[in-house]
Amino acid sequence: MKVPFLDLKAQYSQIKTEIQTIVNDVLESTSFILGKYVQEFEERFAQAHNVKHCVGLSSGTDGNHMALWALGIGPGDEVIIPANTFIATAWGATLCGAKPVFVDCHPESYNIDPEKVEKAITSKTKAIVAVHLYGQPADMDMLKEIANKYGLYLVEDAAQAHLAEYKGQKVGGLGVCASFSFYPGKNLGAYGEAGAVTTNDDELAEKFRMIRDHGSVKKYTHVLLGHNYRMEAIQGAVLMVKLKYLEKWTQERRRVASKYKELLSDLEAIKLPQEMPYAKHVYHLFVIQVNSRADKRQEIRDKLQAFLNKNGIGTGLHYPIPLHLQPCFKELGYRKGDFPVAEQLSESGLSLPIYPELTDEQIEYVAEKIREFFKTKC
Ligand SMILES: *Cc1c(COP(=O)(O)O)cnc(C)c1O
């Protein structure tokens with residue numbers, strides 16, 4: 001049996017006709033940037049997240065950058081960022097000329113550990129970026145309390161967390177603003193590059209609209225410094241079609257996660273992802289950890305990955321090198337041992353296939369092969 005890590009074709013084949021009709025409509029219109037579908041998508045996406053404004057962009061990375069740019073973050077400022085996340089979270093700060101300051105993650109939620117945030121705050125700190133990693137919201141109440149106490153902006157990176165909930169509230173409006181990614185493999189994926197920012201702040205939304213379009217309100221009048229961060233019309237159209245199914249697809253992801261948990265919860269050799277009591281997890285990723293001695297865990301994880309691969313099961317690593325150990329941040333002076341939880345996750349974590357179209361048979365096969373590995377190979 002084959003279980004690829006990601007299977008975008010399975011989803012495309014279900015919505016092919018709708019997609020082709022709407023893409024053809026864009027082609028016939030020859031209006032390729034922003035336009036009516038992007039606008040309609042923005043409205044519906046904002047509505048789905050119970051937030052006032054959504055501004056469609058060229059990517060989630062651009063959203064990370066624009067969120068901090070619009071808030072006035074610049075050289076000399078520090079921005080608090082979890083050590084375990086995708087690199088793009090940190091680009092937001094560095095592209096503004098600010099310094100990313102890393103904080104370890106929580107051993108159960110895998111999100112930034114609020115208890116450790118306060119120690120990282122200095123007189124230069126301007127913002128905290130809370131990543132809702134793997135699809136589970138960060139502990140926003142605790143982070144909000146700290147942000148309020150020190151007068152910091154609390155920004156969400158919701159690239160992996162479309163429709164996720166914190167204490168019954170959708171992500172996207174839980175901080176001052178949020179960025180989303182519609183990279184094809186994300187829970188809501190475009191057919192190319194795309195992203196968005198959301199906010200409940202009218203003024204900030206206006207600024208986002210201007211910055212994404214060269215700082216202009218009117219063509220060739222540039223009020224602010226800006227850039228070209230506009231969403232393409234074809235991506236807006238594709239996303240509009242796909243958004244209708246997102247709730248259903250999210251439920252299916254949760255089904256896959258419960259099935260894995262049901263089949264693997266008694267296996268002591270691994271640790272399963274936890275859904276925190278305050279969270280509705282949308283399982284962008286399903287990251288297990290091998291339980292093992294520190295000096296053995298990476299070797300066992302790598303062997304498990306190779307074994308699954310040999311049996312037709314694709315897996316991923318999210319992420320094999322935490323941000324504080326990335327070569328590009330060498331000059332920040334972090335060392336191995338600084339963030340033990342993030343480091344453990346990077347060495348022992350393995351992402352199993354998870355997407356709405358995964359069948360029970362496929363999930364059972366993956367679980368069976370994991371059991372077989374620990375019984376016979378290790
Ligand atoms: C995917 C991702 C991004 C970047 O989004 P792109 O659309 O690929 O630029 C940013 N942050 C996180 C946490 C992501 O997973």
Side-chain angles (χ1 to χ4, degrees), residues 5-6 8 38 41 45 54-69 79-96 100 102-103 105 109-112 127-138 140 143 154-164 171-172 174-175 177-198 208 212 227-232 234-236 238-239 242 253 273 281-287 316-324 326 328 342 345-346 349 351 354-355:
F5 182 62
L6 194 64
L8 295 180
V38 170
F41 169 70
F45 190 77
C54 168
V55 179
L57 303 177
S58 35
S59 76
T61 305
D62 295 339
N64 286 143
H65 179 208
M66 194 158 89
L68 298 181
W69 184 357
V79 179
I80 290 178
I81 285 165
N84 182 45
T85 178
F86 181 55
I87 188 80
T89 309
W91 293 154
T94 55
L95 286 172
C96 288
F102 301 118
V103 168
C105 51
S109 71
Y110 302 150
N111 281 316
I112 194 164
I128 302 168
V129 181
V131 182
H132 307 313
L133 199 69
Y134 307 150
Q136 168 147 266
M140 294 303 282
L143 293 170
L154 179 57
V155 175
E156 297 171 81
D157 180 338
Q160 304 187 356
H162 319 74
L163 296 187
V171 300
L174 302 173
C177 60
S179 56
F180 286 87
S181 166
F182 307 118
Y183 181 77
K186 296 284 159 78
N187 286 23
L188 178 62
Y191 289 163
E193 303 276 6
V197 281
T198 56
F208 287 151
R212 86 164 162 189
H227 196 58
N228 172 6
Y229 279 162
R230 296 173 305 224
M231 185 187 275
E232 293 183 356
I234 286 180
Q235 304 313 331
V238 166
L239 289 167
K242 292 182 76 175
R253 283 179 181 274
H281 199 317
V282 295
Y283 291 103
H284 173 57
L285 294 167
F286 191 91
V287 180
L317 304 180
H318 300 90
Y319 295 88
I321 307 172
L323 294 194
H324 66 290
Q326 289 290 349
C328 64
L345 199 53
S346 72
S351 307
I354 189 162
Y355 35 92

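Quantities reported herein were computed from a predicted structural model and do not represent experimental measurements. Remember, it's 1-based here, ligands and their atoms both numbered in the order they're listed.
There is no side-chain donor-acceptor pair under 3.5 Å between Y355 and N187.
For A138, the side-chain contact (heavy atoms from CB on, under 4.5 Å) partners two or more places apart in sequence, or in a different chain, are N111, A130, H132, M140, L143. For H324, the side-chain hydrogen bond (donor to acceptor under 3.5 Å, both in side chains) test picks out E343, with sequence neighbours left out. Remark: L6 engages L8 in a side-chain contact (heavy atoms from CB on, under 4.5 Å) (not counting sequence neighbours).
Aromatic ring orientation, Y229 versus H227: perpendicular (interplanar angle above 60°, classes split at 30° and 60°). Between H162 and F182, the angle of the ring planes lies from 30° to 60°, which puts this pair in the tilted group.
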Once you restrict both partners to nitrogen or oxygen, which atoms of ligand 1 have a protein partner under 3.5 Å, and how far apart are they?
unit_1: ligand 1; atom_1: 5 (O); unit_2: S181; atom_2: OG; d: 3.2
unit_1: ligand 1; atom_1: 7 (O); unit_2: G60; atom_2: N; d: 2.8
unit_1: ligand 1; atom_1: 7 (O); unit_2: S181; atom_2: OG; d: 2.6
unit_1: ligand 1; atom_1: 9 (O); unit_2: G60; atom_2: N; d: 3.4
unit_1: ligand 1; atom_1: 9 (O); unit_2: T61; atom_2: N; d: 2.8
unit_1: ligand 1; atom_1: 9 (O); unit_2: T61; atom_2: OG1; d: 2.5
unit_1: ligand 1; atom_1: 11 (N); unit_2: D157; atom_2: OD1; d: 3.4
unit_1: ligand 1; atom_1: 11 (N); unit_2: D157; atom_2: OD2; d: 2.8
unit_1: ligand 1; atom_1: 15 (O); unit_2: Q160; atom_2: NE2; d: 2.8
unit_1: ligand 1; atom_1: 15 (O); unit_2: K186; atom_2: NZ; d: 3.1

